Amino acid sequence: MKILLTGSEGFIGQNLQTFLKDKHQIICIDKKTGNDLLTCDLDYDVDIVIHLAGLSGVRDSLDNPVDYWINNVVTSHRLFKQFKNTRILYASSSTAREPWRNPYAMSKFYMEHIAPANTMGMRFTTVYGPGAREEMFIPKLLRNDVHYINTDHKRDFIHVNDLLTAISLLMTNKIKKRKVIDIGTGISNSLLDITSHLNINVEDKRIGTVFERKDNKAQINALTELGWKPEINLFDYLKENYDN
């Protein structure tokens, strides 16, 4: 299969390249390598587009809403127009369920509404694993560098390897009557329970703001019906990688 992969140099993109490269031909596009989706050449004949490019992060979006609109919505609109007759899998987010909370969520929500009929939005929950951004909760936790914790927040953490197997499955399976699909474990864990599990005492405990969802648990029935299931347990991963 010939694949156009945007956001190829990001956390998920790099892992997906490694996962697919032995079986598929991959054309990579990323702003880091000089290919800005606002202006770069998109004249490619491919079997499928996997669109991972864009900005992520709730808190940054509050400070830079215009950047999120341009890099998530405007670029995606250009891609959707160019490949209107090609199957597209694109990265959405579990935040899109409550788009009023922040500009990041709204950008993903809007992407879902402008996407052509032959596309599927993949609503990722909280992804962790090798190459994750250093400011994310799990990398900070493994460094024992968590300065505060939202006591009322639960998160559905999915390892990037499990995410990759789900994407691979969706590449070859078209789920009828679905324009978006959740990708997570279907299990949410309290952030407080996770720190307690590692015997980490975070002194600054807070109630989360209105800008973030309290629980981003995925609904994964559509994936499990195809035979997919997550294989990596969060607490096993933490035990293996936490050395403090």
Side-chain angles (χ1 to χ4, degrees), residues 7-19 30-32 52-65 67-68 71-72 91 93-96 98 101-105 107-108 123-164 183-218 230-244:
S8 58
E9 305 310 305
F11 164 41
I12 297 171
Q14 287 186 330
N15 280 280
L16 188 60
Q17 279 192 71
T18 302
F19 186 77
D30 195 287
K31 200 171 185 177
K32 293 177 182 176
L52 304 180
L55 296 179
S56 60
V58 168
R59 292 166 195 162
D60 286 346
S61 77
L62 297 171
D63 295 326
N64 303 288
D67 289 346
Y68 274 71
N71 285 279
N72 291 353
S93 165
S94 59
T95 65
E98 298 176 358
R101 290 193 179 275
N102 57 76
Y104 172 57
S107 73
K108 292 299 186 179
R123 285 181 172 174
F124 302 158
T125 55
T126 307
V127 188
Y128 68 96
R133 301 195 316 274
E134 290 297 309
E135 67 270 21
M136 295 296 287
F137 179 72
I138 295 299
K140 291 178 74 172
L141 187 68
L142 294 176
R143 300 194 307 269
N144 199 0
D145 190 33
V146 178
H147 299 294
Y148 73 91
I149 193 167
N150 292 326
T151 58
D152 59 338
H153 279 188
K154 294 182 177 180
R155 291 291 177 261
D156 184 339
F157 291 96
I158 182 170
H159 192 278
V160 66
N161 289 357
D162 286 329
L163 181 73
L164 301 182
I183 304 183
T185 66
I187 301 169
S188 60
N189 291 283
S190 161
L191 302 188
L192 193 58
D193 287 347
I194 293 171
T195 54
S196 297
H197 181 78
L198 294 178
N199 295 316
I200 295 175
N201 180 31
V202 182
E203 292 186 2
D204 187 352
K205 297 179 175 66
R206 309 177 184 178
I207 298 296
T209 70
V210 297
F211 301 113
E212 297 179 88
R213 297 185 70 199
K214 290 187 177 182
D215 191 343
N216 70 343
K217 180 180 175 180
E231 299 290 344
I232 299 175
N233 178 274
L234 171 64
F235 291 99
D236 290 343
Y237 177 85
L238 292 175
K239 182 178 178 180
E240 291 172 6
N241 291 275
Y242 182 71
D243 58 4
N244 289 277

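Sequential numbering from 1 along the given sequence is applied to the chain's residues. Just so we're clear, the structure is a prediction, and the values are computed from it rather than from any experiment.
- Under the 6.0 Å cut-off for aromatic ring centres, F157 and Y237 do not qualify, their centroids lying 6.0 Å or more apart.
- Using a 4.0 Å cut-off between charged nitrogen and carboxylate oxygen, E212 and R59 count as a salt-bridge pair.
- When all heavy atoms of E9 and K32 are compared, the closest pair comes out as O-NZ, 3.5 Å.
- Note that NE2 of H159 and CG of D236 are 11.5 Å apart. Values are rounded to the nearest 0.5 Å.
- Of all non-hydrogen atoms in D152 and R206, the two that sit nearest each other are OD1-O, 4.2 Å.
- When side chains are defined from C-beta on, L141 does not count as touching Y242, because their heavy atoms never get closer than 4.5 Å.
- Counting only heavy atoms from C-beta outward, the side chains of I194 and L234 approach each other to under 4.5 Å.
- Checked against D156 for a side chain to side chain contact (heavy atoms under 4.5 Å, CB included), the options V127, N189, N216, D215 give a single hit: N216.
- Taken from NZ in K205 to OH in Y148, the straight-line distance is 14.5 Å, to the nearest 0.5 Å.
- Among all heavy-atom pairs drawn from G54 and N72, the shortest one is CA-OD1, 3.2 Å.
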### Task
Please lay out, stage by stage, how T185 and D162 fare under the test side chain to side chain donor-acceptor pair (under 3.5 Å).
CA-CA 9 Å; T185 66; D162 286 329; over 6 Å; no
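- Side chains of L163 and F19 form no contact here, defined as non-hydrogen atoms less than 4.5 Å apart.
- Remark: I183 CD1 to R123 CZ distance equals 11.5 Å, nearest 0.5 Å.
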